[in-house]
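Everything below concerns the one structure shown next.
Proteins come first, then strands; the chains are lettered A, B, ... in the order of their sequence lines, and each starts at number 1.
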Protein chains: 2
Amino acid sequence: MNIGEIAKRAGVSRSTVSYALSRKRTVSDETRAKIQRVIDELGYRPNASARALANGRTNAIALVFPPAGDHYTGMQLDFIGSVVEAAATFDYDVLLSPSGVDSDRSFQRLLGERRVDGAILMEIRLQDDRVDHLFTENFPAVCIGRTARPEADWWVGLDHTALAAACVQHLADLGHRKVAFVNRPERLLRAGYESAHRGLDGFTKAAAERGLSVRTYNCGDDASSGQACVERILHDDPATTALVTLNEAALGGLYRGLAHAGRHVPRDFSVTGVAAARWAETVTPQLTAADVPASQMGRLAVELLVERLDRPDGPPRHHLLAPSISLRASTGPVGTAPSVLRRSG
Amino acid sequence: MNIGEIAKRAGVSRSTVSYALSRKRTVSDETRAKIQRVIDELGYRPNASARALANGRTNAIALVFPPAGDHYTGMQLDFIGSVVEAAATFDYDVLLSPSGVDSDRSFQRLLGERRVDGAILMEIRLQDDRVDHLFTENFPAVCIGRTARPEADWWVGLDHTALAAACVQHLADLGHRKVAFVNRPERLLRAGYESAHRGLDGFTKAAAERGLSVRTYNCGDDASSGQACVERILHDDPATTALVTLNEAALGGLYRGLAHAGRHVPRDFSVTGVAAARWAETVTPQLTAADVPASQMGRLAVELLVERLDRPDGPPRHHLLAPSISLRASTGPVGTAPSVLRRSG
DNA sequence: TTGAAAGCGATACCAC
DNA sequence: GTGGTATCGCTTTCAA
């Protein structure tokens with residue numbers, strides 16, 4: 001069932017069928033109706049590969065995210081969902097590529113073999129060979145996150161520095177002086193993950209300015225790591241009264257660890273950090289946090305990419321978002337009932 | 001940069017380059033080396049659209065899941081991740097399609113325009129027009145889940161009936177007599193979602209056999225709905241001592257509702273159900289549940305689809321999984337401390 | 001307003 | 001062991 005068959009049955013040429021479909025040249029109403037009738041009758045749809053070959057564009061984009069083993073986070077899910085739905089509104093298909101680096105097969109296939117017109121990259125690293133590669137090739141890409149030299153790139157990012165600083169400020173305002181920072185796994189920090197680095201920086205600087213006493217930890221992306229992390233925190237300094245976390249997946253474990261240690265949140269211990277609202281609201285008490293606007297970011301990334309595809313020579317654009325902290329129920333003033341401090345003090 | 005260019009620079013014909021790449025006919029080592037050198041030098045990769053057009057296959061599969069608004073569940077994430085990674089090992093790309101029904105644009109595009117060789121469908125309904133459509137077209141598809149007439153289809157599914165029954169049995173063995181069932185949202189039940197229906201059936205029958213007193217509820221896929229649902233349950237029958245849930249996304253809210261009502265889990269109230277292990281372990285106390293082997297299911301679905309694509313005329317295959325219940329910390333004997341019963345009895 | 005034919009970039013059959 | 005060429009299904013220029 002191809003365009004030639006339609007042409008034959010409608011008694012016109014293939015080009016006329018093509019033009020009737022694309023509307024790139026006028027076709028008499030009569031002819032158009034005739035063609036349309038045949039198309040409806042046969043349920044014809046033009047072959048995407050042939051069209052892509054002729055047009056030089058596939059109408060598909062790639063969504064590149066690192067293969068996480070079994071450690072996908074809820075935030076990633078929200079990004080994926082919003083990117084796919086936004087792309088659908090522009091009639092773009094989305095190809096998923098589980099690629100951590102430039103050299104991954106799937107990455108090479110999607111981009112090298114021109115299966116897609118552009119790409120959206122997740123989980124950006126400060127030095128990111130994927131981004132470098134695409135940049136030097138001038139391949140249309142938009143990052144969810146920023147590299148160390150973001151000026152020339154297209155991206156939508158979060159101001160992790162400001163977010164972490166806001167968390168510190170919030171806790172400091174509540175009177176907390178000894179605060180722990182629960183970062184993503186060390187592996188990711190070493191790999192140069194943007195959020196882990198900028199978040200850590202923001203936390204450290206803000207805490208220094210406020211004269212807080214801090215310790216920083218890396219924590220695996222799962223509940224049991226979170227629980228173990230809290231044990232370390234309280235072991236290292238039992239007088240700690242609050243923590244800031246970037247590690248959404250460990251959150252449940254952090255809460256559990258605190259409960260096991262007999263620290264009531266928020267009476268004895270405050271918890272805050274950066275997380276998508278849906279996940280902040282599943283835990284009890286609900287997490288006071290900077291809400292990652294994941295679906296907005298996914299949509300913006302698609303919009304930027306579509307714009308870049310439509311006007312390949314436009315200047316780079318980006319959006320830096322800094323959502324404010326949503327007050328929920330996991331933080332409180334330090335003075336209320338520092339039971340452990342009293343005992344030990 | 002196309003195959004003709006490579007051929008010219010290597011001083012051979014285009015067919016020789018093609019055969020050197022595909023190995024479908026012998027090429028002298030000398031020629032091959034010459035070609036390879038040029039390819040490496042120019043970083044040539046064959047164009048996927050052209051190849052797809054010539055071959056009649058795209059080496060891509062579709063992953064179809066309903067557009068969930070902002071209510072994606074953790075289980076869906078695990079499916080997506082495992083499908084993508086499994087597909088990558090077979091050198092298939094994955095196109096995501098947010099399509100609830102047959103008539104969705106994205107669904108029509110992916111399948112009608114032959115962008116993909118086959119499809120994996122998630123969130124199957126007992127009567128599913130997507131499945132019906134693909135079946136009548138004999139389009140290679142594999143379902144994650146079963147329709148009402150699964151014999152002729154290819155699928156990998158969960159025995160929801162057995163799973164729900166196992167939950168009932170577990171609770172009955174612990175002495176619980178008044179048990180609530182927390183299902184997915186009513187909208188999904190009405191739409192005919194397989195898990196919601198078969199789970200409900202299994203629960204109801206098993207409870208009847210055991211002579212339990214039960215009530216069943218639909219609950220939105222989010223924490224606050226879960227909390228509200230618990231309030232309804234305890235309002236309708238304060239003597240309820242346990243619940244079974246299929247609603248992973250509401251779990252955090254269910255726990256919160258119980259905590260607010262002063263019911264300690266598992267001392268005063270037992271909770272069990274069906275959930276992916278990662279999510280069961282996030283909550284405190286960790287959920288005793290039938291663990292959905294999401295990543296195994298995703299992998300199996302890909303394997304079935306690849307097999308179907310390789311041998312288009314083989315008989316339908318499927319896998320019905322019935323993971324047993326993992327004992328964690330959310331259930332306990334009813335007798336221990338039924339505080340409310342005592343008060344009211 | 002329409003038709004014929006030359007691409008797009010591969011594959012694979014037919015010759016030699 | 002290698003080359004020439006028709007073919008996949010569509011788009012678009014050129015001609016009428």
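The pair B:Glu307-B:Arg311 meets the salt-bridge criterion, since a charged nitrogen lies less than 4.0 angstrom from a carboxylate oxygen. Salt bridge A:Arg37/A:Glu41: absent, no basic N to carboxylate O contact under 4.0 Å.
Scored by the salt bridge (Lys or Arg N to Asp or Glu O under 4.0 Å) test, B:Glu137 finds no partners at all (sequence neighbours excluded). Residues passing the salt bridge (Lys or Arg N to Asp or Glu O under 4.0 Å) test with A:Arg23: none are found, sequence neighbours excluded. Evaluation of the side-chain contact (heavy atoms from CB on, under 4.5 Å) rule for A:Arg105 yields B:Asp91 as partners, not counting sequence neighbours. Judged as a salt bridge (Lys or Arg N to Asp or Glu O under 4.0 Å), and not counting sequence neighbours, A:Arg25 has no contacts. Under the side-chain contact (heavy atoms from CB on, under 4.5 Å) criterion, B:Ala20 pairs with B:Val27, B:Arg32, B:Ile35, sequence neighbours left out. Shown here are the salt bridge (Lys or Arg N to Asp or Glu O under 4.0 Å) partners of B:Glu123, two or more places apart in sequence or in another chain: there are none.
Mapping heavy-atom proximity under 4.0 Å, the span of DNA chain C touched by chain A runs 5' to 3' from C:dT1 to C:dG9. Note that the first and last nucleotides of DNA chain D, 5' to 3', having any atom under 4.0 angstrom from a heavy atom of chain A are D:dG9 to D:dC14.
The heavy-atom pair separating B:Ala87 from B:Ile61 by the smallest distance is CB-CD1, 4.1 Å.
Heavy-atom distances under 4.0 Å link DNA chain D to no residue of residues 28-38 of chain A. Taken residue by residue, residues 2-11 of chain A places heavy atoms nearer than 4.0 Å to DNA chain D at A:Asn2, A:Ile3. Heavy-atom distances under 4.0 Å link DNA chain D to A:Arg14, A:Ser15, A:Ser18, A:Tyr19, A:Lys24 of residues 13-24 of chain A, given in residue order.
The 12-atom threshold is exceeded at CZ of B:Arg45, counting heavy atoms of other residues, nucleotides or ligands nearer than 6.0 Å. More than 12 heavy atoms of other shown residues, nucleotides or ligands fall within 6.0 angstrom of atom CD in A:Gln36.
Within the cation-pi definition used here (under 6.0 Å to the ring centroid, within 45° of the axis), B:Arg149 qualifies as a partner of B:Phe135.
Using a 4.5 Å cut-off on side-chain heavy atoms (C-beta onward), A:Val94 and A:Leu96 make contact.
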* **side-chain hydrogen bond (donor to acceptor under 3.5 Å, both in side chains) assessment of A:Asp117 paired with A:Thr58** => CA-CA 6 Å; A:Asp117 299 330; A:Thr58 60; 3.1 Å; yes
* To do: List the steps, then state whether salt bridge (Lys or Arg N to Asp or Glu O under 4.0 Å) holds for B:Lys34 with B:Glu30.
  => CA-CA 6 Å; B:Lys34 210 163 46 185; B:Glu30 199 178 4; over 6 Å; no
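For the pairing with A:Asp153, the side-chain contact (heavy atoms from CB on, under 4.5 Å) check across A:Asp128, A:Thr147, A:Ile124 returns one residue only, A:Thr147.
Axis deviation across the helix from C:dT1-D:dA16 to C:dC16-D:dG1 amounts to 40°, comparing end segments of five pairs, rounded to 10 degrees.
Side-chain atoms of A:Gln108 and A:Asp104 include no donor-acceptor pair closer than 3.5 Å.
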